[in-house]
There are 2 protein chains.
Amino acid sequence: MSTSRSARADIAQQILDHARRLFAAHGFDGVSLADISKRVGIRKPSLLYHYGTKDTLRQAVLEQLLAHWNDVLPKLLMAATTGSEQFDAVLSKTVAFFAEDHDRARLILRELLDRPTQMQPLIELHVRPWVTIVSNYIRRGQEQGRVRFEADPQSYVAHMTVLVIGSLATFETLVALAPEHEPRELLLERHTAELLRIAKTSLFRPRPAGGASPATDSPHPS
Amino acid sequence: MSTSRSARADIAQQILDHARRLFAAHGFDGVSLADISKRVGIRKPSLLYHYGTKDTLRQAVLEQLLAHWNDVLPKLLMAATTGSEQFDAVLSKTVAFFAEDHDRARLILRELLDRPTQMQPLIELHVRPWVTIVSNYIRRGQEQGRVRFEADPQSYVAHMTVLVIGSLATFETLVALAPEHEPRELLLERHTAELLRIAKTSLFRPRPAGGASPATDSPHPS
DNA sequence: ATCTGTGACTACCGAGTGGTAGGGAGAATC
DNA sequence: GATTCTCCCTACCACTCGGTAGTCACAGAT
């Protein structure tokens, strides 16, 4: 019983987990099937029984990541309705998604570097809708005067995507730049807070102190 | 004559160039010495004559990159004297440095991912001074009211570093997100312009319309 | 009790890896 | 003219790689 049904998915998932960790840390070419199977505690052919090829394993890791992302994104877009709420939610939840497990950011970044052409259809499929929605929101905001008119929506979103993924992927390394030995957890919080600040400040127009622009409603989230 | 003095450095440099390109494109582990030597047009042992080890070749590529960077940075810091000029110069020249050859950004990013611990001393050596100077400039700007007081100098600089490197490293791939087939050269220009806009807007306080703070000189670059 | 399918194993393979040994052509030095 | 030095070559090595063949233990179904 303990070996029949549950163990099957269990082992496959264990392989996936260790593969994800190792791929994220050392890259696809930097990890051998022997490395992975050793971590799992099985022999190499047993691993190949579950995933017939190293490349299928890579794809499986990536698919699980994207599946998780696709699971979280629509709810996110549904949940928050009003403009600035939606922006805030999408942005901070995206950060949270990658902050939850930095391997995700590292993995995506590596794939972006290693297999640019193969990533483009995936980008098209999984990132494009996101970008389109946010871009449209930004454009709407520009018309309404909430968003800085100089902002380039499409380019802005691309930069923020890179910033979120890049900052979290390299966080562990760039801790070296922190002057004092801050408790890491706190540093991460401070770091992501600054990220959100940069994103918002560079997008939204300052709250009109005197009342210059005919902004419709809440001109600027906290 | 044509083979004695000049060819020596020439071949070594050719090896370095092709290694840089290939490492940037496929990663250190994704490139074999055979690949590199084939590009150069020599045999593998000939390559190993110049660089005794694959790892020394990697280091040589990295060192040349950092040497170039160290060559460009001090001049940069010397040239521009006043605060906002200095910031503007440092930022845009840094962008230009990586935009000039995207392999530089890719290479740095890969090293950051692949060898975090070995990169930390290099960061300490080559990036820290830069960060310190800019951070101090930001703090000074905060005291003078030119810079947003909510900004976290150290974290801000880290984010901008990641943003510059990340955006240029992934530029070719993220072109896929551009809706129309813009002439690429123009798209790059638009992209870097937006990057600079984000960096400045999120840092500097809006030009005081009434005149609240006792800012010394030009409170805000174009 | 027997059959069947699952999932692990040992043993092995060809290709490719980084790296070495040793030799040879040609220019520079004596 | 002999020697030395530079730089490339062919041939080879030990090892690791992803992947295959075939076997075996065992749980569940018949």
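Each chain gets a letter, A, B and so on, in the order its sequence line appears, and its residues count up from 1.
Both tests pass for B/Lys54 against the ring of B/Phe28: distance under 6.0 Å to the centre and angle within 45° of the axis.
In this structure, B/Leu48 atom CG and D/dC9 atom C1' are separated by 13 Å, rounded to whole Å. Computed from coordinates, the B/Leu47 CG to D/dC9 P distance equals 10 Å when rounded to whole Å. Straight-line distance from the CG atom of B/Leu33 to the P atom of C/dT20: 11 Å, rounded to whole Å. Atom pair B/Ile15:CD1 and D/dC8:C1' shows a separation of 11 Å (rounding to whole Å applied).
Checked against C/dG18, D/dG18, D/dT20, the side chain of B/Lys44 finds its nearest nucleotide in C/dG18. Of the candidate nucleotides D/dG19, D/dC7, D/dT10, D/dT10 has the atom nearest to the side chain of B/Arg43. Proximity note for B/Ala34 (side chain, C-beta onward) versus C/dT10, C/dT17, C/dG19: the nearest is C/dT17. The listed nucleotides are C/dT20, D/dC9, D/dT20; the one nearest the side chain of B/Ile42 is D/dC9. Comparing D/dA21, D/dC9, C/dG19 by their closest approach to the side chain of B/Pro45 singles out D/dC9. Distances from the side chain of A/Ile11 to the nucleotides C/dA8, C/dG19, D/dC7 place C/dA8 closest. Of all nucleotides listed (C/dG19, D/dC7, C/dG7), D/dC7 comes nearest to the side chain of B/His50.
Within the 3.5 Å criterion, the main-chain N or O of A/Gln64 finds no donor-acceptor partner in the side chain of A/His68. Within the 3.5 Å criterion, the main-chain N or O of B/Ala25 finds a donor-acceptor partner in the side chain of B/Arg110. Of the possible donor and acceptor atoms, one in the side chain of B/Tyr51 sits under 3.5 Å from a partner among the backbone N and O of B/Ala12.
Checking the phosphate oxygens (OP1, OP2) of C/dG7, a side-chain nitrogen or oxygen of A/Tyr49 falls inside 4.0 Å. Contact annotation: A/Ser32 side-chain N/O to D/dC17 OP1/OP2 distance is under 4.0 Å.
No side-chain donor-acceptor contact under 3.5 Å links B/Gln14 and B/Arg39. When only modelled atom types and interatomic distance are considered, A/Asp114 and B/His26 share no side-chain donor-acceptor pair under 3.5 Å.
Counting any heavy atom pair closer than 4.0 Å across all strands shown, B/Val31 reaches sugar-phosphate atoms only and no base atom.
Between the base of D/dG19 and the side chain of A/Lys54 there is no donor-acceptor pair shorter than 3.5 Å.
For residues 161-180 of chain A, the set of pairs meeting the ring-ring contact (aromatic ring centres under 6.0 Å, His included) definition, not counting sequence neighbours, comprises A/His102-A/Phe171, A/Phe171-A/His191.
Applying a 4.0 Å cut-off to non-hydrogen atoms, none of the residues of residues 19-29 of chain A approaches DNA chain C.
Residues A/Gly52 and A/Asp35 each lie close to DNA chain D; by heavy-atom proximity, the contact nearer the 5' end of the strand is made by A/Asp35.
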